[in-house]
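What follows is a short report on a single structure.
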Amino acid sequence: MKTELFDVRNYTDNESKLTEILQTPAGILAKGGIVAFPTETVYGLGANALSEISVKNIYKAKGRPSDNPLIVHIADISQLDAVVSEIPPAAQAVIRRFWPGPISIIMKKNPGIPDCVTAGMDTVAVRMPENPEAEILLRLAGCPVAAPSANLSGKPSPTKPEHVIHDLDGRVDGIILGRNCDVGIESTVLDVTVNPPVILRPGIITAEDLEAVIGEVRIALRKEKNSSVPKAPGMKYTHYAPDAPMILFEGTSDSVSSQICKTAEAELGAGKKIGIIATEETVEKYIRAFGENPSCRILSAGTRSNLKSIAHNVFDILRTFDIIGVDVILSEAFEAEGIGFSIMNRMDKAAAEIKTKGDSEEL
Ligand code: TXA
Ligand code: MG
């Protein structure tokens, strides 16, 4: 398949130029094609949500299991009635406070939404993205757009245009090359069909942020290893896995960096090529130890004191190590609180192994 590229990188804040360039991909969507586009969270792969054939082509292009439902994207609140059959008070409050923005709300679906969008469930996830490219594209397309993240199934979500080209060039009708995604992790998924509402996937809008608006919310997936019963269908699949196995090190900052250094020495000694995921606070320590070694690559995920910077970078770093080609990735873990909880939700899924302080002492 020939993929048409629409480069708007020089115009991401120029509304009239965006409107001009995005006419064509919007037309492709309206006519039933599939087009990847930037959102503020991650890139999405969109299709007309009212067209069963188009939506099925998304699953094909991604290699996505058909029992994992998609999120429907809208540009305007007036489109919501065509997607859901009921807007409970908690949803109204969340919409008023957070839309457009990085939160998907699960409500009872409108019968007009085909079963393949929702994997046969009677609920549907909806969100209104916040960046101008998505907003203008959706407005011009004139239909609700079903869109999962624009990666091959199982790979880290794409946060830069080159990630999407890497995974989907030749598999989709169009790709909009826009800005790097600001947030960097996917939207919070909130189910308001139950009381109290449940967070099925944590994101940059946290339980604390939601509780300030709608009172008690529950979280479906706690961090304990192997303890989760899948609630969102997406939870049971392998996610975000980089090519090389990743070992996550949990504990206090000092013990984590020493354990990573010890493990790195052992792996390098065994002739392995390694990648280290550090933070601004610790990166110097690894550079001092291994900066001269060509078999060791060290990347900083951001600043611990600003977890948004780490969310912004985390998928890009996993993909960078795929491109560099390492045998093993050693990564620091983050405290699973607030946005840290959402980052660890992704890192836990990407990791082959998690070493807590107790395990590490035996190394
Ligand atoms: O930020 C995002 O949400 C991005 C951008 C493109 O908007 N989209 C995204 O889509 O991450 P996807 O398909 O990769 O993740 C959708 C998640 C899955 O975990 C899926 O199981 C869950 O939402 N989901 C969708 N509809 C659902 C429903 N009706 N009930 C429960 N979970 C649902
Ligand atoms: Mg995804």
Side-chain angles (χ1 to χ4, degrees), residues 34-47 49 55 58-59 61-75 83-85 98-110 113-131 133-135 137-138 144-159 163-164 167-168 176 178 181-194 197-205 220-221 228 230-241 311 315 342 345-346 349-350:
I34 56 176
V35 175
F37 62 98
T39 80
E40 80 278 35
T41 55
V42 302
Y43 273 72
L45 174 59
V55 170
I58 290 182
Y59 286 94
K62 281 190 54 130
R64 180 182 178 106
S66 61
D67 63 349
N68 192 8
L70 310 180
I71 294 170
V72 176
H73 297 65
I74 57 174
V83 181
V84 305
S85 61
F98 295 109
W99 276 9
I103 183 158
S104 302
I105 307 173
I106 293 178
M107 293 174 257
K108 291 278 181 218
K109 94 178 181 79
N110 182 303
I113 297 291
D115 277 349
C116 58
V117 172
T118 62
M121 293 193 293
D122 64 352
T123 56
V124 62
V126 200
R127 109 175 173 89
M128 189 189 290
E130 195 172 21
N131 61 315
E133 299 102 302
E135 200 261 330
L137 177 78
L138 293 168
V145 169
S149 48
N151 51 284
L152 288 176
S153 199
K155 287 282 135 197
S157 294
T159 57
H163 299 160
V164 185
D167 279 19
L168 297 181
I176 295 167
C181 302
D182 234 21
V183 173
I185 55 173
E186 310 85 342
S187 62
T188 305
V189 175
L190 180 72
D191 184 352
V192 297
T193 66
V194 289
V198 176
I199 293 176
L200 296 181
R201 180 175 69 186
I204 209 89
I205 295 175
L221 181 63
S228 57
K231 296 265 180 13
M235 287 176 185
K236 65 175 184 271
Y237 295 107
T238 322
H239 267 78
Y240 315 129
F315 287 138
S342 309
N345 169 268
R346 275 63 174 188
K349 289 179 183 166

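Order of appearance sets the numbers: ligands from 1, and atoms from 1 within every ligand. Side-chain atoms are counted along with the backbone in the values below, which use heavy atoms only and exclude waters and symmetry mates. Bear in mind that the values here come from a model prediction, so they are computed numbers and not experimental data.
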- So between His73, Glu186, Arg201, Met121, whose heavy atom ends up nearest atom 7 (O) of ligand 1? His73
- Message: Looking at non-hydrogen atoms alone, which of Pro69, Gly203, Ala119 comes nearest to atom 24 (N) of ligand 1?
- Response: Pro69
- Query: Hey, which atoms in ligand 1 end up nearer than 4.0 Å to a heavy atom of Ile71?
  - Reply: 3 (O), 8 (N), 9 (C), 10 (O), 16 (C)
- Query: So which bit of Lys62 gets within less than 4.0 Å of ligand 1, heavy atoms only: side chain, backbone, both or neither?
  - Reply: neither
- Tell me yes or no: between the side chains of Glu186 and Ser157, is some donor less than 3.5 Å from an acceptor? yes
- Among Met128, Glu135, Arg127, side-chain contact (heavy atoms from CB on, under 4.5 Å) partner for His73: Arg127
- Give the contacting part of Leu70 toward ligand 1: side chain, backbone, both or neither, where contact means a heavy-atom distance below 4.0 Å. backbone
- Note on the structure: Numbered in order shown, the ligand 1 atoms found under 4.0 Å of a heavy atom of Asn68 are 18 (C), 20 (C), 21 (O)
- Message: With heavy-atom distances below 4.0 Å as the criterion, list the atoms of ligand 1 near Leu200.
- Response: 31 (C), 32 (N)
- Query: So is there a nitrogen or oxygen of Thr41 less than 3.5 Å from a nitrogen or oxygen in ligand 1?
  - Reply: yes
- Task: Under 4.0 Å, heavy atoms only, figure out whether ligand 1 is touched by the backbone of Asp191, its side chain, both or neither.
- Result: neither
- Message: Could you check, using the six-membered ring where one of them is a Trp, whether Phe37 and Tyr43 have ring centers closer than 6.0 angstrom?
- Response: no
- For the Mg ion (ligand 2), protein N, O or S atoms at a distance below 2.8 Å amount to 1
